[in-house]
Enquirer: 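The structure's right below; bear with me while I get my questions together.
By convention here, the first residue in the shown sequence is residue 1. As a basis for the values below, the full set of heavy atoms in this structure was taken, side chains included, without hydrogen atoms, waters or symmetry mates.
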Amino acid sequence: MYVVDALDKRPYFDGLVESGQRPPYRGPRARGARSRGGHFDHLRPSGATARQFSAASVYATIRLTLLVWEHYLGRSLRWYFRRDFRRLEVLPRVRADTAFSRPGYIECGYERTGRPPRVYPLSENFDVVSHETGHLIVRSVMGHPTHPEGLEQRAREEAFADLVAIVTLLHLQPAVIRLLDRTRGNLFSPNVLTRIGELSRTTVARRANNDKTLATVAWDPDPRAFRYELAAPFAAGGYDALVDLYEEALVRRRAIPRELADASFDDDGKMLPEIQREFAIRYRGRSAVFEEALLEARDTFATAVAVAWGRLSPYAAFPDALAAIVAAARQLHGAATARVIRKAFEWRGIQPGPAS
């Protein structure tokens, strides 16, 4: 892949139609980011190096996301668009209000948030960039559809992309430590891991810990908006499964009692006072045990998802996707793990297909 800091560029794609242009970009561009001794930590997100910071940041996030998921896949990834484009073109600042990943490129626009409004480059948002990279990874493993997908298939891909970002974030130790310290180990609570695409204290793209089930999904006649609404139960089921596996690991380590694990679930991500107090007591002096349990759950969940992708077609719906994850979990980690994952999704109204 390569990064091009295009100047005042309109997006290749505006969410509805292609512009007619495609990589490689040949227009005006800013000076690229330069390393010092192989590092970019001299760059700052404001002032003279602001654009270079965006370029280095987006590159680093994409590279880390690839590194993490190539590890779980057990192989190097080959882009699904490699017959048309030799490399992935990355454009950190374009004239758009969102970010896109399409065959041959990722481009990031800006978000306006806060009062007074602040213009925020989405290329510097870890979740947004990792999510867009997730789309490319999923399609490179599952295949690129040759005819239009249904809404459920598009929603399934959006949910998988969110889960890619969540798992990738858990590979940054400072983020893991901050997550556990702030929640005192109670991950069924408001936290940075569930706030996907967080732009401020009040603005967030999506919440992985939500109260959505298939029965409560609200219809939206705009298919672009509805696919995110429809994706919410599947993404939440994945988050629930991850946290359930984490709490199972804590119970095995005798860090928390079974009763606390059973009582901790809250589908709306509220900070339940009595649960939070109990977690705080258990977490005190045992943060390393909680971190160990979370990393175990991360790897258990991610390996099952990665193996499942290799068994699915791009037209797989929710039941097919869940069946593949459950089957992979059973094969890799045993029946008990498979039951935990299946139960988490079933609470969201998603039943596995016959393959499980």
Enquirer: Determine whether a donor-acceptor pair (N or O, by modelled atom type, separation under 3.5 Å) exists between the side chain of Arg29 and the backbone of Tyr25.
Expert: yes
Enquirer: Decide whether Tyr283 and Glu278 meet the rule of one side-chain donor and one side-chain acceptor closer than 3.5 Å.
Expert: no
Enquirer: Taking everything shown except Arg82 itself, do over 12 heavy atoms lie less than 6.0 Å from its CZ?
Expert: yes
Enquirer: With a 4.5 Å heavy-atom cut-off, do Asp84 and Pro103 have their side chains touching?
Expert: no
Enquirer: Between Asn191 and Thr194, is any pair of side-chain heavy atoms under 4.5 Å apart?
Expert: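 In short, these two side chains touch, coming nearer than 4.5 Å.
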Enquirer: Quick check: is Val68 connected to Leu77 through a chain of hydrophobic side chains (ILVMFWY, heavy atoms under 4.5 Å apart)?
Expert: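 Same cluster.
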Enquirer: Give the intermediate values and the outcome of ring pair (Phe, Tyr, Trp, His ring centres under 6.0 Å) for residues Phe234 and Phe160.
Expert: CA-CA 8 Å; Phe234 197 95; Phe160 272 151; 5.5 Å; yes
Enquirer: For Ser35 and Gly37, indicate whether the former's side chain and the latter's backbone hold a donor-acceptor pair under 3.5 Å.
Expert: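 Side chain of Ser35 to backbone of Gly37: no pair is present.
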Enquirer: Please determine whether the number of non-hydrogen atoms from other residues, nucleotides or ligands lying under 6.0 Å from atom CZ of Arg83 exceeds 12.
Expert: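 Check fails, neighbour count at 12 or below.
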Enquirer: With a 3.5 Å distance limit and no angle check, can you tell me whether Gln276 reaches the backbone of Thr183 through a side-chain donor-acceptor pair?
Expert: yes
Enquirer: Passes salt bridge (charged side-chain N to carboxylate O under 4.0 Å, His left out), Arg139 versus Glu149? Steps please.
Expert: CA-CA 12 Å; Arg139 292 197 171 209; Glu149 305 160 280; 2.7 Å; yes
Enquirer: For the OG1 atom of Thr303 and the CD1 atom of Ile325, what is their distance to the nearest 0.5 Å?
Expert: 11.0 Å
Enquirer: Please step through side chain to side chain contact (heavy atoms under 4.5 Å, CB included) for the pair Val58 and Phe53, ending with a clear verdict.
Expert: CA-CA 9 Å; Val58 71; Phe53 181 90; over 6 Å; no
Enquirer: Can you find a heavy atom in the side chain of Asp211 that is under 4.5 Å from one in the side chain of Thr216?
Expert: no
Enquirer: Answer yes or no: is there a donor N or O on one side and an acceptor on the other, between the side chain of Thr168 and the main chain of Val164, under 3.5 Å?
Expert: yes
Enquirer: Check for a donor-acceptor pair, side chain of Arg184 on one end and backbone N or O of Asp181 on the other, with a separation under 3.5 Å.
Expert: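 Checked: pair present.
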Enquirer: Would you say the side chain of Asp8 lies within less than 4.5 Å of the side chain of Pro28, judging by non-hydrogen atoms?
Expert: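 Heavy-atom side-chain distance check fails, nothing below 4.5 Å.
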Enquirer: Can you find a side-chain donor-acceptor pair between Glu70 and Ser76 that sits under 3.5 Å?
Expert: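 No - no donor-acceptor pair under 3.5 Å links their side chains.
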Enquirer: Please determine whether residues Met1 and Tyr12 belong to a single hydrophobic cluster, defined as Ile, Leu, Val, Met, Phe, Trp and Tyr linked transitively by side-chain heavy-atom distances below 4.5 Å.
Expert: no
Enquirer: Among Phe301, Phe188, Phe290, which residue meets the side chain to side chain contact (heavy atoms under 4.5 Å, CB included) test with Tyr246?
Expert: Phe290
Enquirer: Evaluate Lys9 against Arg93 for side chain to side chain contact (heavy atoms under 4.5 Å, CB included), listing each step before the verdict.
Expert: CA-CA 8 Å; Lys9 178 188 177 296; Arg93 295 192 178 200; over 6 Å; no
Enquirer: Side chains of Phe100 and Ile106: closer than 4.5 Å at any heavy-atom pair?
Expert: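 No - every pair of side-chain heavy atoms lies 4.5 Å or more apart.
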Enquirer: How long is the straight-line distance from CD of Glu274 back to CG of Leu260, given to the nearest 0.5 Å?
Expert: 10.0 Å
Enquirer: Taking all non-hydrogen atoms of both residues into account, name the closest pair between Ser123 and Cys108 and its distance.
Expert: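 Where Ser123 meets Cys108 most closely, the heavy atoms are N-CB, 3.7 Å.
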Enquirer: If you round to the nearest 0.5 Å, how far is CG of Asn186 from CG of Leu180?
Expert: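 That separation rounds to 10.5 Å.
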Enquirer: Say whether, by atom type as modelled, one donor and one acceptor occur between the side chain of Thr213 and the main chain of Arg348 under 3.5 angstrom.
Expert: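 It does not hold such a pair.
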Enquirer: Answer yes if the side chains of Arg44 and Thr49 hold a donor-acceptor pair under 3.5 Å, and no otherwise.
Expert: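 No, because no side-chain N or O of Arg44 sits under 3.5 Å from a partner of the opposite role on Thr49.
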Enquirer: Does atom CZ (Arg95) have a neighbourhood of more than 12 heavy atoms from anything else shown, all under 6.0 Å?
Expert: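 Yes.
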Enquirer: Under a 4.5 Å side-chain heavy-atom rule over Ile, Leu, Val, Met, Phe, Trp and Tyr, are Leu73 and Val305 clustered together?
Expert: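 They do share one cluster, since a chain of ILVMFWY contacts under 4.5 Å joins Leu73 to Val305.
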Enquirer: Following the transitive rule for hydrophobic clusters with a side-chain heavy-atom cut-off under 4.5 Å over Ile, Leu, Val, Met, Phe, Trp and Tyr, establish whether Val167 and Leu172 coincide in one cluster.
Expert: yes
Enquirer: With no hydrogens and no angle check, do the side chains of Glu247 and Ser264 hold a donor and an acceptor under 3.5 Å apart?
Expert: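 Yes - a donor-acceptor pair under 3.5 Å links their side chains.
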Enquirer: Can a salt bridge be assigned to the pair Arg227 and Glu152 using a cut-off of 4.0 Å between side-chain N and carboxylate O?
Expert: no
Enquirer: If I take atom CG from residue Leu66 and atom CD1 from residue Ile137, how far apart are they, to the nearest 0.5 angstrom?
Expert: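 Those atoms lie 5.0 Å apart.
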Enquirer: Using the rule salt bridge (charged side-chain N to carboxylate O under 4.0 Å, His left out), only one of Arg195, Arg207, Arg206 pairs with Asp162; which is it?
Expert: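 That would be Arg206; it is the only one of Arg195, Arg207, Arg206 passing the salt bridge (charged side-chain N to carboxylate O under 4.0 Å, His left out) with Asp162.
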Enquirer: Between the main-chain N or O of Thr300 and the side-chain N or O of His333, is there a donor-acceptor pair closer than 3.5 Å?
Expert: yes
Enquirer: Anything under 30° is parallel, anything over 60° is perpendicular, the rest tilted; go ahead and classify Trp79 against Phe81.
Expert: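 Correct class here is parallel.
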Enquirer: Salt bridge check: are Arg102 and Glu107 linked by an N-O gap of less than 4.0 Å?
Expert: no
Enquirer: Using a 3.5 Å distance criterion without hydrogens, assess whether the side chain of Glu132 forms a donor-acceptor pair with backbone atoms of Val129.
Expert: no
Enquirer: Under a 4.0 Å threshold between the charged nitrogen and the carboxylate oxygen, would Glu291 count as salt-bridged to Arg298?
Expert: no
Enquirer: Under the criterion side chain to side chain contact (heavy atoms under 4.5 Å, CB included), I'd like the reasoning laid out for Val90 against Val4: C-alpha separation, chi angles, the key distance, then a yes or no.
Expert: CA-CA 6 Å; Val90 182; Val4 179; over 6 Å; no
Enquirer: Find out whether Glu346 and Pro352 are in side-chain contact, i.e. whether some heavy atom of one side chain is under 4.5 Å from a heavy atom of the other.
Expert: yes
Enquirer: Is the closest basic N to carboxylate O distance between Arg339 and Glu248 below 4.0 Å?
Expert: no
Enquirer: Step by step, work out the side chain to side chain contact (heavy atoms under 4.5 Å, CB included) result for Leu312 and Val141.
Expert: CA-CA 9 Å; Leu312 292 168; Val141 177; over 6 Å; no
Enquirer: Hey, does Thr133 have a side-chain heavy atom less than 4.5 Å from the side chain of Trp69?
Expert: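 Counting from C-beta outward, Trp69 and Thr133 never come under 4.5 Å.
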Enquirer: Are side-chain N/O atoms of Thr65 and Ser130 paired as donor and acceptor at under 3.5 Å?
Expert: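 Their side chains do contain a donor-acceptor pair, which is all the 3.5 Å distance test asks for.
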Enquirer: Is Arg156 reaching over with its side chain to a backbone N or O of Ala316, donor-acceptor style, under 3.5 angstrom?
Expert: yes
Enquirer: Does this structure show an ion pair linking Arg51 with Asp5, if we count only N-O contacts that are shorter than 4.0 Å?
Expert: yes
Enquirer: So do the side chains of Gln173 and Ile177 get within less than 4.5 Å of each other, counting heavy atoms only?
Expert: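 In short, these two side chains touch, coming nearer than 4.5 Å.
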Enquirer: Got a sec, which hydrophobics cluster with Leu332, joining ILVMFWY side chains under 4.5 Å apart, including via others?
Expert: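 Val307, all in the cluster of Leu332.
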Enquirer: When you look at CZ of Arg178, are more than 12 heavy atoms from neighbouring residues, nucleotides or ligands closer to it than 6.0 Å?
Expert: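 Check fails, neighbour count at 12 or below.
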Enquirer: Going from CG on Asp127 to CG on Leu193, what distance comes out if it is rounded to the nearest 0.5 angstrom?
Expert: 8.5 Å
Enquirer: Could you tell me whether Glu158 and Arg224 make a salt bridge, using a distance below 4.0 angstrom between a side-chain N and a carboxylate O?
Expert: no
Enquirer: Looking only at side-chain N and O atoms, does Asp299 offer a donor or acceptor that is under 3.5 Å from a partner on Tyr72?
Expert: yes
Enquirer: Roughly how far, to the nearest 0.5 Å, is CG of Leu272 from CZ of Phe279?
Expert: 10.5 Å
Enquirer: Using only atom types and a distance under 3.5 Å, with no angle test, would you say the side chain of His131 pairs donor to acceptor with the backbone of Ile166?
Expert: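 Side chain of His131 to backbone of Ile166: no pair is present.
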Enquirer: I'd like to know if Ile62 and Val94 are part of one continuous hydrophobic network [Ile/Leu/Val/Met/Phe/Trp/Tyr, side-chain heavy atoms within less than 4.5 Å].
Expert: no
